[in-house]
Amino acid sequence: TQLSNSGVHSPKGIAEQIRVKAAKDLVPVLKRAAEHTDRTKSALDQRRKNLTTPKIDPTDAVAEMQRAEIRENLKPLSSGDRIAAATKDPRVADAYLSAPAFLSGSNETERAQIDDRVAKQFHGDALQEIDAERGAIAVLDAVIGVGLTDLRKVTDFENSPQQFDDWMHSVSVPSRTFSANEPGVL
């Protein structure tokens, strides 16, 4: 605003001065923030992946026969009834999750629902913490997106997404692509 009020600079000149300043001060901050969110998302994915349910003993033949019988009894049930049974009884969940979904008369979508519910039973607090952190990262991603949108406008790239992307790449060596098609970016 100070530059435009001075009456000395043209809009193109002001945009160029903003680009120089942004390349030095703002782009590195946006880059670090974007890299941080990417690293945090990967770490959260790994933490979630590490939250597993107790493993069954594959060498216990009697227990496997019992699980097979439970799976046979699950086949005629509706999807909702299978999910409810697996959620209420850990033996049913073990039987369901220890074999391919079709052996219980189900599909992978239903299996994922059961796996999610069982994981919540075993790791509810940790999953809530991961979800809260994902929410915070989503907010930070939105802030980065708004920052990129505003930067594109003030650097006079509002109608030139490709030129903006090219400029962003030229002023930094990104490990993450700053794309005009990124959510939150015009």
Side-chain angles (χ1 to χ4, degrees), residues 1-53 79-80 83 86-87 97 101 107-186:
T1 310
Q2 282 180 322
L3 293 174
S4 62
N5 289 340
S6 70
V8 176
H9 299 285
S10 69
K12 290 283 184 195
I14 293 169
E16 187 55 40
Q17 287 186 4
I18 292 172
R19 287 179 194 171
V20 169
K21 181 76 170 154
K24 180 181 174 214
D25 298 333
L26 183 58
V27 172
V29 171
L30 288 172
K31 180 182 179 218
R32 281 192 306 275
E35 288 171 343
H36 175 74
T37 62
D38 290 344
R39 280 191 311 273
T40 303
K41 286 177 198 174
S42 293
L44 290 172
D45 289 345
Q46 188 59 49
R47 277 179 48 202
R48 173 59 180 98
K49 193 180 205 181
N50 290 340
L51 297 177
T52 60
T53 56
S79 174
I83 292 171
T87 303
L97 296 172
N107 59 46
E108 291 304 317
T109 302
E110 185 178 307
R111 181 188 176 93
Q113 289 177 334
I114 291 174
D115 190 39
D116 186 54
R117 288 183 185 198
V118 170
K120 285 179 182 173
Q121 288 175 338
F122 282 97
H123 306 290
D125 292 342
L127 289 171
Q128 283 181 338
E129 185 178 304
I130 289 170
D131 287 345
E133 289 179 39
R134 283 186 201 278
I137 291 300
V139 170
L140 183 54
D141 270 341
V143 169
I144 293 167
V146 169
L148 289 170
T149 299
D150 289 348
L151 181 59
R152 198 170 114 202
K153 287 178 185 177
V154 299
T155 54
D156 200 29
F157 288 121
E158 190 166 12
N159 297 317
S160 308
Q162 186 59 51
Q163 287 179 336
F164 177 73
D165 289 348
D166 293 345
W167 175 75
M168 287 294 289
H169 291 292
S170 73
V171 298
S172 68
V173 182
S175 59
R176 173 181 174 177
T177 301
F178 289 99
S179 173
N181 297 321
E182 191 168 321
V185 179
L186 292 178

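Basis for what follows: all heavy atoms, side chains included, without hydrogens, waters or symmetry-related copies.
Here Asn50 pairs with Gln46 under the side chain to side chain donor-acceptor pair (under 3.5 Å) rule; sequence neighbours left out. Scanning for side chain to side chain contact (heavy atoms under 4.5 Å, CB included) contacts around Lys12 gives Ser10, Asp156, with sequence neighbours left out.
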I'd like a table of donor-acceptor pairs (distance under 3.5 Å, sequence neighbours excluded) in which one partner is a side-chain atom from residues 113-122, with atom names and distances.
unit_1 : atom_1 : unit_2 : atom_2 : d
Asp116 : OD2    : Lys120 : NZ     : 3.4
Gln121 : NE2    : Thr87  : O      : 2.6

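Side-chain contact between Phe164 and Leu148: present, with at least one pair of heavy atoms (C-beta onward) separated by less than 4.5 Å. Proximity of Val171 to Lys24: side-chain heavy atoms (C-beta onward) are nowhere separated by under 4.5 Å. Between Leu151 and Trp167, some side-chain heavy-atom pair lies under the 4.5 Å cut-off. Side-chain contact between Arg134 and Thr40 is absent, with no heavy-atom pair separated by less than 4.5 Å. When side chains are defined from C-beta on, Val146 does not count as touching Thr149, because their heavy atoms never get closer than 4.5 Å. Looking at heavy atoms from C-beta onward, Lys31 lies out of side-chain contact with Met168 at the 4.5 angstrom threshold.
Atom-to-atom distance recorded for Gln17:CD and Thr155:OG1 is 13.5 Å, nearest 0.5 angstrom. Between the CZ atom in Arg39 and the CG atom in Leu44 there is a gap of 12.5 Å [rounded to 0.5 Å]. Note: Gln163 CD to Asp166 CG = 7.5 Å, rounded to the nearest 0.5 Å. The CG atom of Asp131 lies 6.5 Å from the CG atom of Leu127; values are rounded to the nearest 0.5 Å.
Closest heavy-atom contact between Ala101 and Arg111: N-NH1, 4.0 Å. Minimum interatomic distance between Ala23 and Pro28 (heavy atoms only, all atoms of both residues): O-CD, 3.5 Å. In terms of heavy atoms, Ser79 sits closest to Glu110 at OG-OE1, 2.7 Å. Of all heavy-atom pairs spanning Asp25 and Val29, the tightest one is O-CG2, 3.3 Å.
Arg48 contributes no side-chain N or O that, together with a main-chain N or O of Ile130, makes up a donor-acceptor pair within less than 3.5 Å.
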Point to revise | salt bridge (charged side-chain N to carboxylate O under 4.0 Å, His left out) between Glu16 and Arg19, worked out | key: CA-CA 5 Å; Glu16 187 55 40; Arg19 287 179 194 171; 3.5 Å; yes
**Study point:** Glu133 vs Arg47, side-chain contact (heavy atoms from CB on, under 4.5 Å): CA-CA, chis, key distance, verdict
**Key:** CA-CA 11 Å; Glu133 289 179 39; Arg47 277 179 48 202; 3.1 Å; yes
